[in-house]
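Both counts, for ligands and for their atoms, begin at 1 and track the order of listing.
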Amino acid sequence: MTGMTSSARPLLNRRLAEFGTTIFAEMSALAARTGAINLGQGFPDTDGPEEIREAAVRALREGRGNQYPPGPGIPELRAAVAAHQQHRYGLSFDPDTEVLVTAGATEAIAAALLALLEPGDEVIALEPYYDSYAASIAMAGGTRVPVTLRPHTVGGTAAFRLDLDELRAAVTDRTRLLLINTPHNPTGTVLTREELTAIAELAVERDLLVVTDEVYEHLVFDDAAHLPLATFPGMRERTVTIGSAGKTFSFTGWKVGWVTAAPELVGAVRSVKQFLTYVASGPFQYAVAEALSLPDTYFDALRADMLAKRDLLGDGLRSAGFEVYQPQGTYFITTDITPLGEKDAHAFCRALPERCGVVAIPNSVFYDDPDAGRSQVRFAFCKRDDVLTEATGRLRRLTS
Ligand code: PMP
Ligand code: GLN
């Protein structure tokens, strides 16, 4: 060990040197240490449906999934994923060749990028981006090229939007892949039909692969609709779509995710996935297969519940003096702290537990240029109403 640590060469390879501890772990540890209300890391404080929890218990007791499940995922879950894509979006996938079960969406993202990139390939990602994108692109030796979503105010409501000209201008001869995320974490932006049409046209014209992270597909509000990129012309054969049971069924600890794509794409992702985890979450796969077969009323109720929470937290944040960017999807609200006389989101979030007993996430860590998101702070609203009310009451004390 002495020999290793005294070496001049750093232990962590240089591709990953810029990635320290994820902001979610850092901020959840801060919440645990201080006892603050955790509106940072995105996980619900209420578990998903009781009957689905019971389905997992049943699988465990009956010895289903206690040993390695099949590499691509259990047939019941692959069939349920395919049926869900068909029922919700009219997309038809062969459960045997076009569906792959992964250890959460996180593994799906990593495996897809490790499978599809050669070192030096450029990947265009919507910025601010979910933190694992940058790390996974780096692990694959790719070069990330951010296209920044920017705040716009329409009819008195501020929200983040994609500039299609900037997206087009970002494509070069080295671009291999577009990494899209809709509904978008952390901004809550839901890409519109026009935007998705333009993205699809660009992908076809420049012959790009697309990886689309749609884990918040069931959390869309107001007049927004989730439109999977794979439904657009020319996209079915070039798109890897990623979903997760963590978000849709409020079991983030189970780590069940999935990929749907054409057989060649699924085959490539599977080649990598088999050497990352091989398989995961055996008994939970049975439970998630049942969850995906829940009636539409479950998904409608989830959405209605989260919409009410969005408004509860949004109103509370506004009354506490934050500028609120209205999310049309996800369970996050991005705010600007400038009206509070604050400038630095990271410093603000580090001090927040001490100042008023709340934890949030500084969006600056989701930008290549931290100055771009310097004054943005993200709050999660997948929490009990009393928790959200208590948190915004505490935040109001910042200015009173
Ligand atoms: N993508 C996005 C946009 C996310 O917010 C998350 C959050 N957890 C993930 C992927 C990872 O999902 P999982 O927990 O299924 O790995
Ligand atoms: N996706 C979650 C968030 O954005 C965090 C998941 C994680 O900690 N890896 O808060």
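- Proximity to F332 (heavy-atom distance under 4.0 Å) selects the following atoms of ligand 2: 3 (C), 4 (O), 10 (O).
- A 4.5 Å side-chain heavy-atom check between W254 and T252 finds every atom pair outside the cut-off.
- Numbered from 1 in the order shown, with element, the atoms of ligand 1 that lie under 4.0 Å from a heavy atom of K255 read 13 (P), 14 (O), 16 (O).
- Closest to atom 8 (O) of ligand 2, if we only count protein heavy atoms, is Q41 NE2, 2.7 Å.
- Ligand 1 places these atoms under 4.0 Å from at least one heavy atom of Y216: 3 (C), 4 (C), 5 (O), 7 (C).
- For ligand 1, the polar-atom distance check finds an N/O of N185 within less than 3.5 Å of one of the ligand's N/O atoms.
- For the pair E217 and R303, the salt-bridge criterion is not met [side-chain N within less than 4.0 Å of a carboxylate O].
- For ligand 1, the polar-atom distance check finds an N/O of A105 within less than 3.5 Å of one of the ligand's N/O atoms.
- Counting the atoms of ligand 2 from 1 in the order shown, those under 4.0 Å from a heavy atom of K247 are 1 (N).
- Between R318 and E323 there is no salt bridge, since no side-chain nitrogen of the basic residue lies less than 4.0 Å from a carboxylate oxygen of the acidic one.
- Heavy-atom distances between T252 and ligand 1 stay at or above 4.0 Å for every pair.
- For F366 and Y129, the gap between ring centers reaches or exceeds 6.0 Å.
- The shortest heavy-atom distance from Y130 to ligand 2 is under 4.0 Å.
- On a distance-only criterion, S244 and ligand 1 share at least one N/O pair closer than 3.5 Å.
- Ion pairing between a basic and an acidic side chain is recognised when a charged N comes within 4.0 Å of a carboxylate O; E205 and R168 show no such pairing.
- Taking the six-membered ring for Trp and thresholds of 30 and 60 degrees, H84 and F299 have ring planes inclined between 30 and 60 degrees apart.
- Polar contact check, N181 against ligand 1: no nitrogen or oxygen pair lies under 3.5 Å apart.
- Numbered from 1 in the order shown, with element, the atoms of ligand 1 that lie under 4.0 Å from a heavy atom of G104 read 15 (O), 16 (O).
- Between Y216 and H226, the ring center distance fails the sub-6.0 Å criterion.
- Only side-chain heavy atoms of N185 come within less than 4.0 Å of ligand 2; its backbone N, CA, C and O stay farther off.
- A salt bridge between R58 and E54 is absent, with no side-chain N of the basic residue lying under 4.0 Å from a carboxylate O of the acidic one.
- Near K247, the atoms of ligand 1 lying under 4.0 angstrom from a non-hydrogen atom of the residue are 6 (C), 7 (C), 8 (N).
- Ion pairing of R176 with E118 is absent here, as no side-chain N (NZ or NE/NH1/NH2) approaches a carboxylate O to less than 4.0 Å.
- Nearest to atom 11 (C) of ligand 1 among the protein's heavy atoms is T106 OG1, 3.3 Å.
- Taking 4.0 Å as the cut-off between side-chain N and carboxylate O, R174 and D121 do not count as a salt-bridged pair.
- Using a 4.0 Å cut-off between a side-chain N of Lys or Arg and a carboxylate O of Asp or Glu, K309 and D385 qualify as a salt bridge.
- Looking at W254, F24, Y130, it is Y130 that brings a heavy atom closest to atom 9 (C) of ligand 1.
- Between R144 and E122, no side-chain nitrogen of the basic residue sits less than 4.0 Å from a carboxylate oxygen of the acidic one, so the salt-bridge criterion is not met.
- Contacts of R378 with ligand 2, taken as heavy-atom pairs under 4.0 Å, involve the side chain alone.
- Residue G42 places at least one N or O, backbone or side chain, under 3.5 Å from an N or O of ligand 2.
- Between atom 1 (N) of ligand 1 and the options D213, I109, T330, the minimum heavy-atom separation is to D213.
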